[in-house]
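So the structure is just underneath, and the comments pick up after that.
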Amino acid sequence: MERNHMKLEFLSKSKNESFSRIVVAAFAAQLDPTIEELSDIKTAISEAVTNAIIHGYEYGDGIIRIEATIEGNVIEIIVEDFGKGILNLEKAMEPFYTSKPDLERSGMGFTVMETFMDDLKVETNESHGTRIIMTKRIENLPNKER
Amino acid sequence: MNLSMETRENILVVKLKGELDHHSAESTRKKIDKAIIEKGSKNIILDLKELSFMDSSGIGLIMGRYKNISQKDGKLFVISGNQYVDRILKMSGLLKIIEAYPEMDTALKNI
């Protein structure tokens, strides 16, 4: 697959969680992923965008930017916000840790991203925002189940 | 997200259809909690079979209902067997504390 790229910007409204994961899934569909691979990507995007809305902007209005690049059979997805950043990244990435237990957050966001994607990198700067870089290799087996 | 609820004796049966994410989880949680209080339900069955998407907000919703209901000695079961839901359910470790059944009949018998 030749290189391809897309960029999407939208307001940090929870209504846009569904919109953003569907857009990325439609872009990733060029790689002919299985239903499970596509579902993994949608879930990881949803976690990253939800984090930006709840933690990055704490429900205020802000811009969330998603960039996705296809190179060969690998898709790299960057989800970026320009909000408050993550104060303690190590703690935030621990399974079940949440800074907002009163909101019934499971604390599983980063664990889901790590598990469902092949690679996860998080860059965060206090009061500048957070950038989540995820990649997934789409297995191109001739007889794979679709 | 489409939600339908019915009461069978002291069990609140909730069928969820569509996508359960952070956006839909908030209103879903409020509706379920309101029904539990209004109907005085002791136990709850969450039918996840018709969900086409669920992320960790769904895990948070199930965990929250489980905590509330088990504090009052009630039980919470889930109905699953759906590729969109099972992977995250297993990954979260939720199935170690919550009983899951493939069909409603078996869940109703065991509650």
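Just so we're on the same page: letters track the sequence lines, and every chain starts at 1.
- With a 6.0 Å radius and a threshold of 12 heavy atoms from other residues, nucleotides or ligands, A/Glu90 has its CD atom at or below the threshold.
- Note on B/Leu46: it clusters hydrophobically with B/Ile36, by side-chain heavy-atom contacts below 4.5 Å among ILVMFWY residues.
- In this structure, B/Ile11 is a member of the same hydrophobic cluster as B/Tyr101, with clusters built from ILVMFWY side-chain heavy atoms closer than 4.5 Å.
- Remark: A/Lys13 NZ is loosely packed, at most 12 non-hydrogen atoms of other residues, nucleotides or ligands lying under 6.0 Å away.
- Side-chain contact between A/Arg21 and B/Glu19: present, with at least one pair of heavy atoms (C-beta onward) separated by less than 4.5 Å.
- A side-chain N or O of B/Ser57 and one of A/Arg105 form a donor-acceptor pair less than 3.5 Å apart.
- A/Phe116 touches chain B through backbone and side chain together, each having a heavy atom under 4.5 Å away.
- Within 6.0 Å of the NE2 atom in A/His5, the count of heavy atoms belonging to other residues, nucleotides or ligands exceeds 12.
- The candidate from B/Met91, B/Arg29, B/Met54 with the greatest count of non-hydrogen atom pairs under 4.5 Å with chain A is B/Met91.
- Considering B/Lys67, B/Glu26, B/Arg65 in turn, B/Arg65 is the only one that fulfils the side-chain contact (heavy atoms from CB on, under 4.5 Å) rule with A/Glu104.
- Under the 3.5 Å distance criterion, the side-chain polar atoms of A/Ser106 are matched with a main-chain donor or acceptor of B/Ser56.
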Chi angles and distances behind the salt bridge (charged side-chain N to carboxylate O under 4.0 Å, His left out) call for A/Lys42, B/Asp55: CA-CA 9 Å; A/Lys42 279 168 81 174; B/Asp55 64 15; over 6 Å; no
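- In this structure, A/Lys100 places its NZ atom where more than 12 heavy-atom neighbours from other residues, nucleotides or ligands lie under 6.0 Å away.
- Looking at B/Leu94, neither its backbone nor its side chain comes within 4.5 Å of chain A, counting heavy atoms on both sides.
- Note on B/Arg87 versus A/Asp40: salt bridge recorded, some NZ/NE/NH1/NH2 to OD/OE distance being below 4.0 Å.
- For the set A/Asn16, A/Ile54, A/Val49, the count of heavy-atom pairs under 4.5 angstrom toward chain B peaks at A/Ile54.
- Counting heavy-atom pairs closer than 4.5 Å to chain B, the top residue among A/Ser46, A/Ala44, A/Ser18 is A/Ser46.
- Rounding to the nearest 0.5 Å places CZ of B/Phe53 at 4.5 Å from OG1 of A/Thr43.
- One N or O on the side chain of A/Glu17 and one on the backbone of B/His23 form a donor-acceptor pair closer than 3.5 Å.
- The side-chain heavy atoms of B/Asp21 and A/Thr50, taken from C-beta on, include no pair separated by under 4.5 Å.
- Contact annotation for A/Thr111: both backbone and side-chain heavy atoms come within less than 4.5 Å of a heavy atom of chain B.
- More than 12 heavy-atom neighbours from other residues, nucleotides or ligands sit within 6.0 angstrom of CD on B/Gln83.
- In this structure, A/Phe19 is not a member of the same hydrophobic cluster as A/Leu38, with clusters built from ILVMFWY side-chain heavy atoms closer than 4.5 Å.
- Neither B/Met104 nor B/Leu51 shares a network with the other; the hydrophobic side chains, linked directly or stepwise wherever heavy atoms of I, L, V, M, F, W or Y lie under 4.5 Å apart, form separate groups for each.
- One hydrophobic cluster, built from ILVMFWY side chains closer than 4.5 Å, holds both B/Leu48 and B/Met63.
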